[in-house]
Amino acid sequence: MADGCACDRHAHMYLTVEDALRRGLSVADPLTDTETLPLIDAIGRVLAQDCTSKVDMPAFDNSAMDGYAVRTCDLGNGPLFELPLAGRIAAGDSGAHDAPAGSALRIFTGAPVPPDFDAVVMQEDCDALIDGIRFSRRPKPGQHIRRAGEDLKADAPILRRGCEITAREVAALASAGYGEVTVYRKLKVTIFSTGSELKQPGETLGPGQIYNSNRYMLRALLDKPWIALTDKGPVEDNPAKLERVLREACDSADLIITTGGVSVGDEDHMPRVFGEIGGQVDVMKVAMKPGKPIMFGRRGNALYVGLPGNPVSAYVTWQIIGSQMMARRAGLHHASQTPQQAVLAEPLRRRSGRQEYRPVTIEGRTLDGTPRLRLMAPSYSGRVALLAQADGLAVIPAETEELSEGHGLTFLRF
Ligand code: AMP
Ligand code: MG
């Protein structure tokens with residue numbers, strides 16, 4: 001606020017985060033190619049079909065308890081009920097039996113309950129006799145029996161196309177009888193980091209050089225079963241070299257992600273080079289902090305996302321905009337992270353104008369369990385190490401100048 005103004009004077013010329021996201025998503029058209037894979041190989045991929053259950057769930061009436069199957073019509077007036085045991089049915093048995101009227105069957109959880117038996121008495125409620133059982137509470141018809149189709153009937157919807165097949169989805173598909181499923185083909189993603197100053201970690205830094213952190217960050221963010229990644233490594237700020245790598249990437253990738261070189265400096269070559277190879281470019285100045293310039297473009301099949309070089313800006317613009325463009329391109333629905341509610345553990349003063357994503361740590365909770373957020377330093381844009389110490393990003397709306405301690409905010413948990 002050196003100029004005495006509490007607002008960013010240029011912010012009105014920038015796109016809001018919402019508009020930038022909308023613009024980015026509008027060029028990220030989803031893949032349409034699919035492949036059908038054995039279920040085990042579809043883990044982690046993006047489902048490309050709506051799925052309904054192939055079977056009733058459960059498939060047959062079965063016992064919810066370890067205990068004894070009885071016919072309630074066999075029971076007298078009590079107060080004690082005694083029945084001889086006439087057989088045993090475990091999970092995996094067919095349920096066939098030859099138990100005469102007036103007898104019980106030993107039964108275990110998941111075992112089929114024969115159609116002529118109508119209740120299960122749990123073993124904890126029974127005394128074992130030499131060859132029978134005794135219990136005192138009259139079972140209700142249907143007690144402790146899970147009925148066929150009670151969870152889900154055959155043909156009922158279980159999953160919509162566009163979900164990531166994680167543990168929960170693959171378990172649902174397996175239980176519904178899917179031996180194979182149709183998924184979108186892998187998204188071909190090519191990455192490279194621009195910057196003549198970049199060295200690999202482990203190398204010795206010369207004057208003016210820094211370690212390339214964006215490459216590793218992107219590798220981690222893109223380490224997903226539905227991505228086929230090509231990493232072109234670092235590329236110098238040399239237009240001819242950048243052009244060659246970009247051209248190759250455009251010819252093979254569905255999505256190209258680069259970092260650096262998208263601002264307006266003399267060494268920021270990406271928008272021009274991408275235009276020169278026939279790409280359509282849109283450089284968006286977004287009213288967000290960190291991360292103003294983000295570039296995207298299209299050439300042929302390739303969608304191009306150019307992130308800022310500054311590592312914190314690259315991370316935040318990726319999380320807020322780039323990752324959602326990628327998700328849409330890969331066929332995924334519901335990519336955005338749901339913000340959580342939190343309150344400030346300290347007052348906040350800042351310059352308004354840009355929506356800010358401020359690294360925060362959680363410092364305790366309120367009585368109702370809401371996280372209390374401690375703000376990390378605001379001048380963080382190059383300090384990527386701060387991100388590793390933060391618990392998440394607080395979202396500070398563009399127009400906010402001041403907030404008091406205890407004020408509510410939304411927060412994106414890492
Ligand atoms: P640029 O967007 O290319 O102007 O880069 C902005 C700032 O981020 C500069 O200080 C760069 O040195 C730095 N930077 C660019 N690329 C990387 C990278 N891959 N890893 C770490 N810092 C980077
Ligand atoms: Mg650069």
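All ligand and atom numbering here is 1-based and tracks the order in the structure.
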Considering only the protein, which heavy-atom contact is closest to [atom], and what is its distance?
atom: atom 7 (C) of ligand 1; answer: N310 N, 3.7 Å
atom: atom 4 (O) of ligand 1; answer: D268 OD1, 3.6 Å
atom: atom 17 (C) of ligand 1; answer: N214 ND2, 3.3 Å
atom: atom 20 (N) of ligand 1; answer: S213 N, 3.0 Å
atom: atom 14 (N) of ligand 1; answer: G309 O, 3.3 Å
atom: atom 19 (N) of ligand 1; answer: N212 OD1, 2.8 Å
atom: atom 12 (O) of ligand 1; answer: E197 OE2, 2.6 Å

Under 4.0 Å from any heavy atom of [X], which atoms of ligand 1 are there?
X: P311; answer: 21 (C), 22 (N)
X: Y211; answer: 20 (N), 21 (C)
X: G261; answer: 1 (P), 2 (O), 3 (O)

Checklist entry - Salt bridge check: are K153 and D56 linked by an N-O gap of less than 4.0 Å? => result no
Checklist entry - Under a 4.0 Å heavy-atom limit, does I210 contact ligand 1 with its side chain, its backbone, both, or neither? => result side chain
Checklist entry - Looking only at heavy atoms, is any part of V262 under 4.0 Å from ligand 1, and if so is it the side chain, the backbone, or both, or is it neither? => result neither
Next on the checklist: Is it the case that over 12 heavy atoms from other parts of the model lie below 6.0 angstrom from the NZ atom of K232?
Outcome noted: yes
Item to check | N or O contact, S263 vs ligand 1, cut-off under 3.5 Å | outcome: no
Sequence neighbours excluded and cut-off under 3.5 Å, please list the side-chain donor-acceptor pairs for residues 407-414, or say none.
none

Donor-acceptor pair, side chain of [X] and main chain of [Y], under 3.5 angstrom:
X: Q324; Y: L25; result: no
X: R299; Y: C250; result: no
X: R329; Y: D254; result: yes
X: T109; Y: D66; result: yes

Checklist entry - Got a sec, which pairs hit side chain to side chain donor-acceptor pair (under 3.5 Å) with one end in residues 27-48, sequence neighbours left out? => result D29-R298, D33-R185, E35-R45, T36-T182
Item to check | Close side-chain approach of T400 and E356, heavy atoms under 4.5 Å | outcome: no
Checklist entry - Counting only non-hydrogen atoms of the protein, does one fall under 4.0 Å from atom 10 (O) of ligand 1? => result no
